[in-house]
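Worksheet for the structure shown next.
Lettering of chains follows the sequences in order, A, B, ..., and the numbering in each one begins at 1.
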2 protein chains.
Amino acid sequence: MAIEHAILVSLLEQPGSGYELARRFDRSIGYFWTATHQQIYRVLKRMEADGWVDVREVAQQARPDKREHSVTEAGRAVLAAWLHEPIQPDSVRHELAVKIRGAAFDDPAALIHEVERHHRAHADRLTHYLAGELRDFTGPDAPARPDAGQELQHVVLRGGIAYERMTLAWLQDVLDTLHQLAER
Amino acid sequence: MAIEHAILVSLLEQPGSGYELARRFDRSIGYFWTATHQQIYRVLKRMEADGWVDVREVAQQARPDKREHSVTEAGRAVLAAWLHEPIQPDSVRHELAVKIRGAAFDDPAALIHEVERHHRAHADRLTHYLAGELRDFTGPDAPARPDAGQELQHVVLRGGIAYERMTLAWLQDVLDTLHQLAER
DNA sequence: TCCTTCTATGCAACTCGGTGCATAAACAAG
DNA sequence: CTTGTTTATGCACCGAGTTGCATAGAAGGA
């Protein structure tokens, strides 16, 4: 897949400018697909040229004008075609795992602080996810009868929460192992 | 980080040719860092030119010669320096999550087969991991007193197992959600 | 008034990684 | 004796993604 599809999904959920998309890729959909603003602008240009999105110039007060993008029928068709394609197995890049195996050839104890830092970062992210879940899906302000889009966003968020909880438990396992090795 | 460090770790665990490395990146270390053989050969050339690895021509019977690479002291130093650097938060690429959110704008039920396929693939991988754990770490042939390298490889493998179990549970959650939406 | 910050858009250069293709030694199968 | 398979190494090209830099409107603070 490409960034194009993530952008189509985000624009279908809510039309917006390149700048707004860039901010969404720092949160929300960005938890599952990252992109920089340069990449987003470049791809938006191409999508516009290919007729996947329409652009509307919007004047704003107290800030510069923006170019708001909406998905066209052609864009929806592209997304639908992609949704019906099977996904290739995702290529993994788990840097910390490589470091942990590499620590055998250095000082394993030196990794402890790094792993603790990761543990804190994932704990923060979990807190953030849980707050988002409470706000949008399980709290008093959440819709009583969520539509399909909300149900799907929620199940994706539950995946993020499960991932963070699993990661925290594993990092604790790593820490225990490193401490044991340090005692030898 | 770069592929260089994963190659250094793999060569420290066991010297080998580019071809052998490519096969390791299809299993073992490949579960946490992928690389194609073209990439490996190209990087090995550069690492050789930079003096990170030594090459020994090895004649073999019943097959072509190979170039066996070993890590030099300079290579170890490069790895050690990297081990002491903090890691950037890993950029996520979770294609299935994007597809699930995109399904709101198509037919959610059409995703069921795809998700089931992923469920089977992850179940296979879990089985594979568990077999490896039994063979190398917890079975009767496993070392009674594992060294630091083995302990660290084991904790990384436990991470893979935890990831697959979490993913399987989440994919079941996704399937339940898709079925509920299909009934509407 | 100048400086900084936030919003908003974009170019140029480069690196990384993947796809496709090519070569070659050794053996096995037909 | 040709074809196919496995081992083994490599080049050329292209697209995706990152880094660094540039521009500009509007607001607020020093």
Side-chain angles (χ1 to χ4, degrees), chain A residues 1-8 11 15-27 29-30 32-50 53 55-69 82 87-95 98, chain B residues 1-7 10-11 15-27 29-30 32-50 53 55-69 82 87-95 98:
Chain A
M1 115 148 186
I3 183 71
E4 277 87 343
H5 302 114
I7 290 178
L8 285 173
L11 286 180
S17 67
Y19 189 82
E20 286 163 344
L21 277 172
R23 284 190 305 177
R24 287 180 213 170
F25 276 87
D26 286 333
R27 34 179 197 82
I29 198 156
F32 312 105
W33 203 270
T34 57
T36 60
H37 82 270
Q38 290 86 349
Q39 201 185 345
I40 289 166
Y41 281 118
R42 190 183 331 128
V43 171
L44 275 178
K45 280 269 169 194
R46 190 168 62 226
M47 291 168 73
E48 188 187 344
D50 292 344
V53 295
V55 177
R56 195 168 59 95
E57 290 273 347
V58 177
Q60 304 180 103
Q61 66 243 32
R63 51 179 69 175
D65 298 353
K66 65 175 180 179
R67 294 162 40 82
E68 192 179 83
H69 300 72
W82 173 69
I87 297 179
Q88 304 300 327
D90 35 342
S91 66
V92 188
R93 292 287 146 103
H94 201 318
E95 195 166 353
V98 178
Chain B
M1 116 146 183
I3 183 72
E4 278 87 344
H5 303 114
I7 289 178
S10 192
L11 286 181
S17 67
Y19 188 82
E20 285 163 347
L21 277 171
R23 284 190 306 177
R24 288 181 212 170
F25 276 87
D26 285 335
R27 36 179 194 81
I29 199 155
F32 312 105
W33 202 270
T34 57
T36 60
H37 83 269
Q38 288 86 349
Q39 202 186 344
I40 290 166
Y41 281 119
R42 194 188 320 137
V43 172
L44 275 179
K45 281 268 170 199
R46 189 168 62 224
M47 293 169 72
E48 189 188 343
D50 292 345
V53 296
V55 177
R56 193 168 60 94
E57 290 275 345
V58 178
Q60 304 181 104
Q61 65 241 37
R63 51 180 69 174
D65 298 353
K66 66 175 180 180
R67 293 161 41 82
E68 193 180 81
H69 299 72
W82 173 69
I87 297 179
Q88 306 297 330
D90 37 341
S91 66
V92 187
R93 291 288 146 102
H94 201 319
E95 194 167 352
V98 178

Can you measure E4(B) atom CD to dT15(C) atom P for me and round it to whole angstrom units? 12 Å
Between the NE2 atom in H69(A) and the CD1 atom in I7(A), the distance rounded to the nearest 0.5 Å is 9.0 Å
Any Q39(B) side-chain nitrogen or oxygen under 4.0 Å from OP1 or OP2 of dG18(C): yes
So, do E4(B) and R46(B) sit near enough that their side-chain heavy atoms are less than 4.5 Å apart? yes
Could you state the atom-to-atom distance from CZ of R46(A) to P of dC14(D) in whole Å? 16 Å
Here the gap from E57(B) atom CD to E68(B) atom CD, rounded to the nearest 0.5 Å, amounts to 11.0 Å
Separation of R24(A) atom CZ from dA8(C) atom P, in whole Å? 12 Å
Whole-Å gap separating C1' (dT9(C)) and CD (E68(A)): 16 Å
Think R23(B) has a side-chain N or O under 4.0 angstrom from the OP1 or OP2 of dT6(D)? no
Below 3.5 Å between N/O atoms, which protein atoms pair up with nucleotides 19-21 of chain C? Just atom names and distances, please.
from    : atom 1 : to     : atom 2 : distance (Å)
dG20(C) : O6     : Q38(B) : NE2    : 3.1

Pull out every residue in residues 15-22 of chain A that has a heavy atom closer than 4.0 Å to any atom of DNA chain D, ordered by number, or say none. none
Which distance, rounded to the nearest 0.5 Å, do you find between the CG of L8(A) and the CH2 of W82(A)? 9.0 Å
Please work out which residues in residues 57-67 of chain A have a non-hydrogen atom less than 4.0 Å from an atom of DNA chain C and list them by number. Q60(A), R63(A), P64(A), D65(A), K66(A), R67(A)
Set out, in order, the CA-CA distance, both residues' side-chain angles and the distance that settles side-chain contact (heavy atoms from CB on, under 4.5 Å) for R56(B) and R67(B), then state yes or no. CA-CA 6 Å; R56(B) 193 168 60 94; R67(B) 293 161 41 82; over 6 Å; no
Which whole-number value in Å describes the distance from L44(B) CG to dA8(D) P? 14 Å
Spacing of OG belonging to S17(A) relative to CG belonging to D65(A), to within rounding of 0.5 Å: 11.0 Å
Any side-chain N or O of Y41(A) less than 4.0 Å from the OP1 or OP2 oxygen of dG10(C)? no
Rounded to the nearest 0.5 Å, how far apart are CZ of R93(A) and CH2 of W33(B)? 5.5 Å
By salt bridge (Lys or Arg N to Asp or Glu O under 4.0 Å) - contacts of R63(B) (at least two apart): none
Specify the separation, in whole Å, of atom CD of Q88(B) and atom C1' of dT18(D). 12 Å
In short, side chain to side chain donor-acceptor pair (under 3.5 Å) pairs touching residues 35-45 of chain B with sequence neighbours left out are none
Of all residues at least two apart in sequence or in a different chain, which pass the salt bridge (Lys or Arg N to Asp or Glu O under 4.0 Å) check with R24(B)? none
Between L11(A) and L44(A), is any pair of side-chain heavy atoms under 4.5 Å apart? yes
Could you check K45(B) against R93(B) and say which one's nearest nucleotide on DNA chain D is further toward the 5' end? K45(B)
Tell me: CH2 of W33(A) to P of dA16(D), nearest whole Å? 12 Å
